Amino acid sequence: MTDIAFRAFHDRDALALTLAAEVAEALRADIADGGEATLAVSGGSTPKKFFHALSKAELDWESVAITLVDERWVPDTDERSNARLVNEHLLWNEAARARFVPLFTDATSPEGALPDVQQRVADLAGPLTVAVLGMGEDGHTASFFPGGDRLDDAIDPTGKALVMSMRAPAAIEPRITLTLPVLLAAKKLVLHIEGETKKTVLDAALAGEDPRDMPIRAVIQNAPAPLDVVWAP
Ligand SMILES: O=C(O)[C@H](O)[C@@H](O)[C@H](O)[C@H](O)COP(=O)(O)O
């Protein structure tokens with residue numbers, strides 16, 4: 001698969017409202033089907049409007065587990081923490097009733113935390129209901145960074161690990177990340193990007209092959225269907 005299903009929105013508010021409605025509907029459907037749902041979200045600056053809109057969705061949030069696509073290896077008091085971002089922007093309003101499953105632990109390194117976090121992710125119900133990805137200007141997604149020390153393991157579509165540690169110059173902190181198979185197994189997988197620069201980066205990713213150069217390619221190339229991409233200027 002090298003296709004994407006690209007949707008351009010008039011503005012970032014319109015994108016946030018639509019994405020929040022679609023994610024809420026997917027969560028409701030999984031709850032109705034199996035009694036629970038799981039959502040994995042990305043960090044960074046892009047998701048804030050989406051988080052605010054989703055936090056207001058009316059659904060059975062007590063049946064939803066929210067986790068992260070990846071985490072910087074810092075405590076949730078650190079301003080770089082993705083768990084802090086979720087706590088401050090998503091676990092509010094209706095969504096405050098959801099269960100949050102962090103990827104950070106008190107281990108001194110993500111490598112040391114792998115068995116514990118692997119079990120946390122394994123304990124989440126079945127495949128993810130929804131995974132929402134972001135993308136950096138270097139074409140990374142999750143913590144699949146170009147030059148990452150465990151990149152090949154993290155983006156191996158046949159890999160058995162659910163989580164992987166990652167160290168890369170551009171990552172700043174050591175990271176822990178869900179692996180590609182976990183993301184690809186999500187019932188709804190969406191790439192959420194904003195701005196002209198990110199659109200250009202996506203075009204560059206689509207124009208090339210090697211996922212080690214632009215790891216978002218690993219998602220696009222291995223997705224079971226054209227990757228759902230939502231973008232606003
Ligand atoms: O921990 C992280 O940083 C994210 O999970 C990462 O993959 C993010 O989605 C991109 O870096 C885009 O970040 P921005 O939204 O800030 O551009």
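All figures in this text were calculated on a predicted structure; none of them were measured in a lab. Order of listing sets the numbers, starting from 1, for every ligand and every atom in it.
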Novice: Using atom types as modelled and distance alone, determine if a side-chain donor or acceptor of T38 lies under 3.5 Å from a backbone N or O of T129.
Specialist: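 Yes, the answer is positive, given that a donor and an acceptor are paired below the 3.5 Å cut-off.
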
Novice: To the nearest 0.5 Å, how far apart are CD in Q221 and CG in D210?
Specialist: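 Spacing of CD (Q221) from CG (D210) equals 8.5 Å.
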
Novice: Write none if no such pair exists; otherwise list each N/O atom of ligand 1 with its protein N/O partner under 3.5 Å and the distance.
Specialist:
| from | atom 1 | to | atom 2 | distance (Å) |
| --- | --- | --- | --- | --- |
| ligand 1 | 1 (O) | D70 | OD1 | 3.4 |
| ligand 1 | 1 (O) | D70 | OD2 | 3.2 |
| ligand 1 | 1 (O) | R72 | NE | 2.9 |
| ligand 1 | 1 (O) | N82 | ND2 | 2.8 |
| ligand 1 | 1 (O) | R175 | NH1 | 3.2 |
| ligand 1 | 3 (O) | R72 | NH2 | 2.8 |
| ligand 1 | 5 (O) | G43 | N | 3.3 |
| ligand 1 | 5 (O) | D70 | OD1 | 2.4 |
| ligand 1 | 5 (O) | D70 | OD2 | 3.1 |
| ligand 1 | 7 (O) | A142 | N | 3.4 |
| ligand 1 | 7 (O) | A142 | O | 2.8 |
| ligand 1 | 11 (O) | H140 | NE2 | 2.8 |
| ligand 1 | 15 (O) | S45 | N | 3.3 |
| ligand 1 | 15 (O) | T46 | N | 3.0 |
| ligand 1 | 15 (O) | T46 | OG1 | 2.6 |
| ligand 1 | 16 (O) | S45 | N | 2.7 |
| ligand 1 | 16 (O) | S45 | OG | 2.9 |
| ligand 1 | 17 (O) | K198 | NZ | 2.7 |

Novice: For atom CZ of R212, is the number of surrounding heavy atoms from other residues, nucleotides or ligands below 6.0 Å larger than 12?
Specialist: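 No - once you tally the heavy atoms of other residues, nucleotides and ligands closer than 6.0 Å, there are 12 at most.
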
Novice: Under 3.5 Å, side-chain donor or acceptor atoms of residues 189-196 against the rest of the protein: list the pairs with distances, not counting sequence neighbours.
Specialist:
| from | atom 1 | to | atom 2 | distance (Å) |
| --- | --- | --- | --- | --- |
| H192 | NE2 | E194 | OE2 | 2.9 |

Novice: Are more than 12 heavy atoms from other residues, nucleotides or ligands located less than 6.0 Å from atom CD of E62?
Specialist: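 More than 12 within 6.0 Å, yes.
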
Novice: Is it the case that atom CZ in R84 sees more than 12 heavy atoms from other parts of the structure closer than 6.0 Å?
Specialist: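 Correct, the count exceeds 12.
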
